[in-house]
Amino acid sequence: MTDTAIESGLGAPPTTSAGRDVARSGEPGTTPPPGAGGHGPPPVPSFNIVPVRALPVVAVILVGLVVAIASNNLWALTFFHVAGGGLWTSLDLFLGLILGPIMGSLTIPARIEFTTKFMPKMLLIMPTLVAMTLGAGFQLARHMGNLEASYPHHGWVVASYIVVGCMAVIALGLLEPANLAVLFELKKPRPNGARIQRLMKVFIYTAGITGLLQILTILIMTFLASR
Amino acid sequence: MSTTAEVPPPGFSEPDAEDLRQADFPPVMPIAISTLVLIVAGGIVVAAQYGRPPKLTIPVVLLSVAAVLLLVNAVLVVRIQEFARPVFHRVLGWALLAYVVIAGILEYVFLYDHTPGRELALFSAMLLLFALDVPLMLSYSVARWQAPDAR
């Protein structure tokens, strides 16, 4: 990735000219928007939409996941599944039930500052945790024979598929688009505060809902593990 | 709770041109989410039959409807007149890259597990639709709130 792409946070796609994304003077993130400090929109701190420096960490985790699947190592598969699932659940519940209400009580400049620091990280953390949990979980279940239709508690396994399917639709269809839209809105010269609030509400509520669905998954998984 | 947290600064939350243009946009997001629901449902039906000869009629129907919806959605997006296409294409490119990697990992798992031919073909088609539908959702949901000339 070029320095220019790193500077603007999300560079040109692989199919287009990389030179298109030169950070423009006056772009939010480089200078405060008009009215900062007085009337008008509050200042938006500089931020990258994709935290490029964290990408190697994501790559290492994904390579580790592929190695765990390829080696069919029971410990590695259990580690990726349990660690990913635990972090995914905790993060969703923390977001929906703890952080959401706190954010609602912050001043608008504080909310903006928090959002610009927090949301780019979530853009990498959540898909990585989902890939860890589901990829390792499917292989682990296959390894242990839990996927077989002849498995005595197959109905519970199918129930967990349905819950995970619901979570995937909510996360990919509502949560991630809201996350990305907020970040691009904050990159505008004059971000629309009402729109950011609406999108952040979608993000926080859907995170809370997927957190609750995660508890359902944990109930099913612990039931299956104890049989 | 202080009142300063409730009152937005003047000019910060007024409807702008992008808000006003939303009514002109086709229902891309509901169609894309429906596509995703069909793909996920098809995947669940196939996975639920793991270990016995699968009945693939329902998953094939779900997959076909999902493919038609995705195609309709692509046409709807192409036909939007006032749209931030540079932003749309930029996000689409990166999102495609990310979701091709994710779909690639899943495809690798299916190949590694020696998934039988017909199921593998079905799963591969589902992954392809998944890797196209999610980036479409992400790029549209960003571009819809940008000015048409935004880069």
Side-chain angles (χ1 to χ4, degrees), chain A residues 10-16 20-21 24 35 39-42 50 62 65-66 69-70 104-108 110-111 127 131 134-135 138-139 142 145 147-151 154 157-158 161-162 165-166 168-169 172-174 176-178 180-181 183-185 188 190-195 197 199, chain B residues 1-2 4-16 18-19 29 32-33 36-37 40-41 43-44 47-52 54 86-87 89-99 101-102 105-106 108-109 112-113 130 133-134 137-147 150-151:
Chain A
L10 187 73
T15 51
T16 60
R20 206 170 63 188
D21 270 302
R24 290 161 290 174
H39 293 300
V50 176
L62 292 182
L65 175 65
V66 171
I69 292 169
S105 66
L106 294 176
T107 61
I108 286 172
R111 265 186 250 178
L134 300 187
F138 186 83
Q139 194 63 11
R142 185 189 157 275
L147 291 184
E148 300 286 335
S150 56
Y151 176 61
H154 184 66
V157 177
V158 175
Y161 294 161
I162 294 169
C166 291
V169 171
L172 295 170
L174 297 168
E176 267 206 71
L180 209 52
L183 292 170
F184 274 81
E185 186 65 34
K188 285 183 180 175
R190 293 180 72 86
N192 184 309
R195 183 176 305 140
Q197 274 182 339
L199 292 167
Chain B
M1 193 185 297
S2 75
T4 51
E6 306 295 331
V7 183
F12 189 62
S13 52
E14 291 148 12
D16 54 23
E18 283 72 52
D19 282 318
M29 283 307 281
I33 292 172
L36 185 62
V37 169
V40 168
I44 291 172
Q49 303 178 71
Y50 188 90
R52 67 177 175 217
V87 175
H89 288 134
R90 187 155 58 107
V91 179
L92 184 70
W94 283 106
L96 270 175
L97 183 66
Y99 279 88
V101 170
I102 292 171
I105 290 175
L106 294 173
Y108 165 74
V109 172
Y112 181 81
D113 287 344
F130 167 80
D133 187 54
V134 176
M137 273 197 282
L138 293 176
S139 47
Y140 174 79
S141 60
V142 168
R144 69 187 291 189
W145 298 112
Q146 303 291 315
R151 299 202 162 256

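When reading the values below, keep in mind they use all heavy atoms of this one structure, side chains included, and skip hydrogens, waters and symmetry mates. None of the values given here were measured: they were computed from a predicted structure. In what follows, chains are A, B, ... by sequence order, proteins preceding strands, each numbered from 1.
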(message) Minimum heavy-atom separation for G173(A) and I33(B), please, with both atom names.
(response) O-CD1, 3.7 Å
(message) Please identify, among V134(B), V101(B), L96(B), L36(B), the residue contributing the most non-hydrogen atom pairs under 4.5 Å to chain A.
(response) L36(B)
(request) Tell me, with the steps shown, if I69(A) and Y108(B) meet side chain to side chain contact (heavy atoms under 4.5 Å, CB included). (result) CA-CA 9 Å; I69(A) 292 169; Y108(B) 165 74; 4.3 Å; yes
(message) As an exercise, state the distance from CG of L65(A) to CD1 of I105(B), rounded to the nearest 0.5 Å.
(response) 6.0 Å
(message) Ignoring hydrogens, what is the shortest heavy-atom contact between A149(A) and R52(B)? Give both atom names and the distance.
(response) CB-NH1, 3.6 Å
(request) Considering only heavy atoms and a distance below 4.5 Å, find which of P177(A), G135(A), A131(A) pairs most often with chain B. (result) P177(A)
(message) Could you check whether any side-chain heavy atom of L172(A) comes within less than 4.5 Å of a side-chain heavy atom of F130(B), counting everything from C-beta outward?
(response) yes
(request) With a 4.5 Å cut-off on heavy-atom pairs, point out which of R142(A), E185(A), Q139(A) contacts chain B the most. (result) R142(A)
(request) State which residues pass side chain to side chain donor-acceptor pair (under 3.5 Å) with E176(A); sequence neighbours excluded, sorted by chain then number. (result) Y99(B)
(request) Can you measure from CH2 (W145(B)) to CG (L199(A)) and round to the nearest 0.5 angstrom? (result) 6.5 Å
(request) Let me know if A110(A) has heavy atoms under 4.5 Å from chain B in its side chain, its backbone, both or neither. (result) neither
(request) Sort F138(A) into side chain, backbone, both or neither according to what part of it lies under 4.5 angstrom from a heavy atom of chain B. (result) side chain
(message) Counting only non-hydrogen atoms closer than 4.5 Å, does A47(B) touch chain A with its backbone (N, CA, C, O), its side chain (CB onward), both, or neither?
(response) both
(request) Name all residues meeting the ring-ring contact (aromatic ring centres under 6.0 Å, His included) criterion together with Y50(B); count only those two or more places apart in sequence or in a different chain, and write none if there are none. (result) none
(message) Looking at chain A, which one of R144(B), Q146(B), M29(B) has the largest number of heavy-atom pairs inside 4.5 Å, strictly under?
(response) Q146(B)
(message) For chain B, which candidate among L134(A), I162(A), V169(A), L174(A) shows the most heavy-atom pairs at distances under 4.5 Å?
(response) V169(A)
(message) Could you tell me if the side chain of F184(A) sits less than 4.5 Å from the side chain of V91(B), heavy atoms only?
(response) yes
